[in-house]
Amino acid sequence: MVEQTLTGRRAIVTGGAGGIGEACARALAARGAKVTVADLDGPAAEAAAAAIGGEAWQVDLSDTAALQDLALEADILVNNAGIQRIGPIEEFDPEAFRLILRLMLESPFLLVRAVLPGMYQRGFGRIINISSVHGLRASAYKSAYVAAKHGLEGLSKVTALEGAAHGVTSNCINPGYVRTPLAQKQIADQARMHNLPEGEVVAKIMLTESAIKRLVEPDEVASLACWLAGDDAGMVTGASYTMDGGWSSR
């Protein structure tokens, strides 16, 4: 089977300087796309972009007021940027809750809004939302993250319905815990919440619901993103692709 090419396509990947985003940026570029690496960390974005012959865009996606009138030209948009905060609802910092919703739900809406006119005009577009198994299932102590990811699932489906007549698809990828700095940071938080040694958190907390007992690799997520970005996925829209080792099968 010949691997499909993305030559001539322009892609924007948010949170593209590390983790899943960096893996997506590399994979899209390897298939011929011209990639813009969007990240809060400007130097890291520059380095990631330079490594793949792309462009860097230093941007604070939580500053949604600054994105309100944005217009962007892209054939592929990967909404990946995100953070995590853990705590019981009664102790959860309201500003942290608002930050997560701005960054992980409101800014994807604004970026989709910014790229759709050009996609509609060209008759082609791929919106790829890096959601989570937490877009489909809840976990205690993650009220903001779960709320944002559930909202992203809804936004993706509405985008799919509106974009269908214009050659634009919109889908979610729903991984379990991925081997990224974000997941590594959660280990200490989870150890504190569950009163466990950090060395036991992955097996006893993170992988409890997964039938396959390992973390997802960023390149696995990127591989699916590249397929969704291509012509072969033209009839795939409004879908949520689980990559959670069987977690959501329960």
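- The shortest heavy-atom contact between Thr64 and Ser107 is CG2-N, 4.1 Å.
- Of all heavy-atom pairs between Ala239 and Asn171, the closest is N-OD1, 3.0 Å.
- Residues Glu153 and Gly135 come closest through the heavy atom pair CG-O, 3.5 Å.
- Interatomic distance, Leu215 CG to Ser210 OG, rounded to the nearest 0.5 Å: 9.0 Å.
- Relative orientation of the Tyr120 and His166 rings is parallel, given thresholds of 30° and 60° on the angle between their planes.
- Heavy-atom minimum distance, Ile52 versus Ala29: CB-CB, 3.8 Å.
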Under the criterion side-chain contact (heavy atoms from CB on, under 4.5 Å), I'd like the reasoning laid out for Leu40 against Leu61: C-alpha separation, chi angles, the key distance, then a yes or no. CA-CA 7 Å; Leu40 179 63; Leu61 294 173; over 6 Å; no

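- If you take CG on Leu136 and NZ on Lys149, they are separated by 11.0 Å, rounding to the nearest 0.5 Å.
- Transitive grouping of hydrophobic side chains (ILVMFWY, heavy atoms separated by less than 4.5 Å) brings Leu228 and Leu6 into a common cluster.
- Across all non-hydrogen atoms, the minimal contact from Pro175 to Val178 is CB-CG2, 3.6 Å.
- Within 6.0 Å of CD on Gln121 lie no more than 12 heavy atoms contributed by other residues, nucleotides or ligands.
- No chain of hydrophobic side-chain contacts below 4.5 Å, direct or via other Ile, Leu, Val, Met, Phe, Trp or Tyr residues, connects Val59 to Ile76.
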Apply side-chain hydrogen bond (donor to acceptor under 3.5 Å, both in side chains) to residues Asp60 and Ser62 and explain how you reach the verdict. CA-CA 5 Å; Asp60 180 0; Ser62 71; 2.6 Å; yes

List the steps, then state whether side-chain contact (heavy atoms from CB on, under 4.5 Å) holds for Ile127 with Val115. CA-CA 9 Å; Ile127 307 297; Val115 298; 3.9 Å; yes

Apply side-chain contact (heavy atoms from CB on, under 4.5 Å) to the pair Asn129 and Leu155, showing each step before the final yes or no. CA-CA 9 Å; Asn129 298 300; Leu155 172 64; 5.6 Å; no

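- Closest approach of Thr180 and Pro218 over heavy atoms only: CG2-CG, 4.1 Å.
- A single hydrophobic cluster is not seen to contain both Val146 and Tyr177; linkage of ILVMFWY side chains at heavy-atom distances under 4.5 Å, directly or through other members, places them apart.
- Here the straight-line distance linking atom CG of Leu161 with atom OG1 of Thr237 works out to 7.5 Å at 0.5 Å rounding.
- Taking the salt bridge (charged side-chain N to carboxylate O under 4.0 Å, His left out) definition, one finds that Arg137 meets it with nothing, sequence neighbours left out.
- A side-chain donor-acceptor contact under 3.5 Å links Ser156 and Ser170.
- Residues Leu196 and Ile205 form a side-chain contact, since some pair of their non-hydrogen atoms from C-beta on lies under 4.5 Å apart.
- Of the candidates Lys34, Arg122, Arg9, Asp75 forms a side chain to side chain donor-acceptor pair (under 3.5 Å) with just one, namely Arg122.
- Distance check, rounded to the nearest 0.5 Å: NZ of Lys157 to CG of Leu152 gives 9.5 Å.
- Applying the 6.0 Å contact sphere to CD1 of Ile89 captures no more than 12 heavy atoms from other residues, nucleotides or ligands.
- Cluster membership for Trp227 and Ile20, using ILVMFWY side-chain heavy atoms within less than 4.5 angstrom, is shared.
- Screening Asp39, Val13, Thr14, Thr36 against Trp57 for a side chain to side chain contact (heavy atoms under 4.5 Å, CB included) leaves a single residue, Thr36.
- Contact of the Ser223 side chain with the Glu220 side chain is not registered, since no non-hydrogen atoms from C-beta on lie closer than 4.5 Å.
- Taken to the nearest 0.5 Å, the CD atom of Glu209 stands 14.0 Å off from the CE atom of Met206.
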For residues 92-101, tabulate all N or O donor-acceptor pairs below 3.5 Å that involve a side-chain atom, not counting sequence neighbours.
from	atom 1	to	atom 2	distance (Å)
Asp93	OD1	Glu95	N	3.2
Glu95	OE1	Arg98	NH1	3.4
Glu95	OE2	Arg102	NH1	3.3

Verify side-chain contact (heavy atoms from CB on, under 4.5 Å) between Thr169 and Val236, making sure each step is shown before the conclusion. CA-CA 7 Å; Thr169 66; Val236 178; over 6 Å; no

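- Arg126 CZ to Phe124 CZ: the interatomic distance, rounded to the nearest 0.5 Å, is 4.0 Å.
- One hydrophobic cluster, built from ILVMFWY side chains closer than 4.5 Å, holds both Val78 and Tyr241.
- In this view, Glu46 satisfies the side chain to side chain donor-acceptor pair (under 3.5 Å) rule with no residue, not counting sequence neighbours.
- With hydrogens and angles disregarded, a donor-acceptor distance shorter than 3.5 Å links the side chain of Arg113 to the backbone of Gln68.
- The closest donor-acceptor contact from the side chain of Asn174 to the backbone of Ser132 lies under 3.5 Å.
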